[in-house]
Amino acid sequence: MSKALDITGLKKTYKGGFQALKGIDLSVNQGDFFALLGPNGAGKSTTIGIITSLVNKSEGQVKVFGYDIDSDLETAKSHIGLVPQEFNFNQFESLTKILVNQAGYYGVERATAHQRAEKYLKQLDLWDKRDNAARMLSGGMKRRLMIARALMHEPQILILDEPTAGVDIELRRSMWEFLRELNKQGITIILTTHYLEEAEMLCRNIAIIDSGVIVENTDMKSLLAKLDMETFVLDLKAGSPAPQIQGFCSRVIDDHTLEVDVRKSQRINDVFQQLSEQNIDVQSMRNKSNRLEELFVSLVGSGEQEGEK
Amino acid sequence: MSSARNMIALKSILHKETHRFMRIWVQTLVPPAITISLYFVIFGSLIGSRIGKMGGFDYMAFIVPGLIMMSVITNSYSNVASSFFSAKWQRNVEEMLVAPVPNWVIVAGYVGGGMARGILVGLIVTIIAMFFTDIQIYNIWVIILTVALTSATFSLGGLINAVYAGSFDDISIIPTFVLTPLTYLGGVFYSISLLPEFWQGVSQLNPIVYMVNAFRYGFLGISDVSLTLAFSVLGAFIVTLYAIAMYLITKGIGLRS
Ligand SMILES: Nc1ncnc2c1ncn2[C@@H]1O[C@H](COP(=O)(O)OP(=O)(O)O)[C@@H](O)[C@H]1O
Ligand SMILES: [Mg+2]
């Protein structure tokens with residue numbers, strides 16, 4: 001299957017020397033619904049900015065449907081629709097004008113552009129406001145206006161940078177529904193978010209970025225399975241026989257260290273029972289620290305703080 | 001295929017740019033009309049009648065071409081400077097940057113918009129002038145060519161200014177400290193030949209002298225400088241400023257981090 005997006009060794013050092021991306025690899029299949037999850041300042045917008053040529057990269061390669069942004073920039077651009085994190089339309093222009101002009105930048109004839117503007121304004125519940133200046137819209141409406149704008153040239157990939165930040169729960173759900181529908185029609189969707197819940201609700205595949213590094217890149221199911229599980233490190237009395245634990249995933253590290261994965265639905269008592277039946281003494285036990293888990297604690301933490309503001 | 005796309009993109013930018021200054025016509029079209037009417041009343045009618053002839057013509061007839069040129073210059077420049085800076089400031093310039101719009105189309109679109117405003121204001125001012133004096137036309141082609149080249153030159157200048165500007169103040173510095181003095185010293189109100197020889201030489205370094213004189217030639221058939229030289233100067237300015245503008249936009253100065 002052809003890749004909708006293929007990033008290798010991407011680095012970005014901003015003027016002033018701050019390294020926002022430390023060499024990331026990322027690939028997204030055609031038709032995927034992909035989440036780029038990470039806390040504020042992780043480098044999500046920087047990555048999106050480079051893909052959409054709003055930020056110059058320092059190193060690395062980006063291909064959109066096989067078109068390299070270094071050699072086939074215009075073709076690469078014409079495949080992408082971008083919904084940026086910050087509002088970036090002319091606040092004094094009417095909604096229709098914003099949409100029709102944007103279509104024009106991609107070579108869409110005016111008559112066609114007017115038809116599409118009508119279609120998307122209606123779908124996104126903005127039709128009544130079509131002649132208003134964009135500054136008159138509420139935050140949620142502005143966000144939807146940017147989604148409509150990104151669709152005007154019927155791109156094959158839609159990239160949304162924190163599309164639901166500052167959008168209330170109800171609107172968020174209808175936006176999710178809209179995105180799901182687009183994805184069903186075959187549009188590849190990439191969104192960044194710092195809510196795990198949002199990624200979980202929508203996305204099939206996920207990459208987690210932290211401090212400019214991809215710390216995890218997997219499908220949603222395996223990630224959730226990992227999150228659902230804790231790993232314990234058991235110190236056994238030296239010279240114990242190799243333990244057999246039924247129903248649990250365990251690894252013998254050396255002759256006196258054992259690691260056991262315990263799901264939330266399982267009981268750690270069962271592990272001890274089996275061990276004592278095999279006459280194996282456990283001297284001490286600790287949680288194996290889990291980078292991912294820690295990351296999520298920090299993610300959820302920052303998400304909640306934002307909600308309280 | 002991509003050239004058809006570029007034409008549509010260019011039309012979109014032109015449409016957006018002309019629509020912008022038409023929408024805010026009270027700020028863009030009315031002030032130059034008022035300013036120029038005041039010039040006509042004060043310099044033309046009140047003072048002009050006491051000055052007598054300049055270059056063989058009534059003072060009023062003499063200053064009309066220069067005053068029209070002055071409005072073309074200011075309006076072309078400030079149209080592109082404020083429109084492009086505001087697109088940077090509101091970040092809607094990103095709408096063009098993410099789209100497959102070649103840089104020359106962006107430059108051409110904004111310059112086209114600035115020329116449209118410059119020329120429209122020029123027309124308005126010409127119509128106002130008709131209430132004060134008889135407008136005669138010596139060579140219409142010289143008039144058209146001069147106004148087109150001048151408005152293109154200053155539209156490019158406004159664009160370059162906007163690329164470097166970091167605040168709204170930055171787009172009024174050049175008009176206030178460079179354009180206005182150069183225009184006043186550019187032979188709008190007097191013939192260069194009246195100046196002492198040294199100052200005549202200095203005036204030759206002022207590009208606006210060439211524009212005003214070429215323009216005046218189109219109306220009255222008189223000029224302090226040769227037309228060939230005037231058009232060469234204009235051509236050289238356009239080529240240089242276009243190259244600078246393209247370089248800045250391609251490099252993404254002030255546009256991409
Ligand atoms: N233009 C810039 N100049 C310097 N540093 C920047 C710039 N833009 C972003 N950064 C820094 O790069 C890091 C990543 O930012 P960003 O990509 O916006 O993160 P995210 O979108 O994940 O919140 C942050 O530390 C931010 O402060
Ligand atoms: Mg961001």
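Residue numbers begin at 1 in each chain, while the letters A, B, ... track the order of the sequences.
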query = Is chain A contacted by the side chain of B:Leu10, its backbone, both, or neither, given a heavy-atom distance below 4.5 Å?
reply = neither

task = Taking the side chain as every heavy atom from C-beta outward, state whether B:Ser257 and A:Lys15 have any pair of such atoms under 4.5 Å apart.
result = no

query = Taking everything shown except A:Trp127 itself, do over 12 heavy atoms lie less than 6.0 Å from its CH2?
reply = yes

inquiry  = For the OG atom of A:Ser53 and the CD atom of B:Glu94, what is their distance to the nearest 0.5 Å?
reply    = 10.0 Å

inquiry  = Is there a side-chain contact (heavy atoms from CB on, under 4.5 Å) between B:Glu95 and A:Phe89? Walk through the geometry before answering.
reply    = CA-CA 7 Å; B:Glu95 292 176 336; A:Phe89 41 77; 3.7 Å; yes

ask   = So how far is it from B:Arg91 CZ to A:Glu86 CD, rounded to the nearest 0.5 Å?
value = 5.5 Å

ask   = Is B:Arg20 salt-bridged to A:Glu93, cutoff N-O under 4.0 Å?
value = no

task = Give, as side chain, backbone, both or neither, the part of A:Gln102 having an atom under 4.5 angstrom from any heavy atom of chain B.
result = side chain

query = Relative to chain B, which segment of A:Tyr14 carries a heavy atom at a distance below 4.5 Å: side chain, backbone, both, or neither?
reply = side chain

message = Just checking B:Lys11: does its NZ atom have more than 12 heavy atoms from other residues, nucleotides or ligands closer to it than 6.0 angstrom?
response = no

ask   = Would you say A:Lys57 has more than 12 foreign heavy atoms packed within less than 6.0 Å of its NZ?
value = yes

message = Please determine whether the number of non-hydrogen atoms from other residues, nucleotides or ligands lying under 6.0 Å from atom CZ of B:Phe237 exceeds 12.
response = no

inquiry  = So for A:Leu82, is it side chain, backbone, both, or neither that comes closer than 4.5 Å to the heavy atoms of chain B?
reply    = side chain

inquiry  = At under 4.5 Å between heavy atoms, what parts of residues 105-120 of chain A are in contact with chain B? List them by residue number.
reply    = A:Tyr105, A:Tyr106, A:Gly107, A:Val108, A:Glu109, A:Arg110

request  = For residues B:Ser12 and A:Asn101, report the shortest heavy-atom separation together with the two atoms involved.
outcome  = O-OD1, 3.4 Å

Closest-packed option against chain B by number of heavy-atom pairs under 4.5 Å, given A:Thr46, A:Thr52, A:Asn56 = A:Asn56

query = Is there side-chain contact between B:Gln90 and A:Phe87, with heavy atoms separated by less than 4.5 Å?
reply = no

query = Could you state the interatomic distance from CG (B:Asn6) to CD (A:Glu74), rounded to the nearest 0.5 Å?
reply = 6.5 Å

inquiry  = Need one label for B:Lys251: side chain, backbone, both or neither, based on atoms under 4.5 Å from any heavy atom in chain A.
reply    = backbone

inquiry  = Donor-acceptor check, side chain of A:Lys77 to backbone of B:Leu97, threshold 3.5 angstrom: yes or no?
reply    = yes

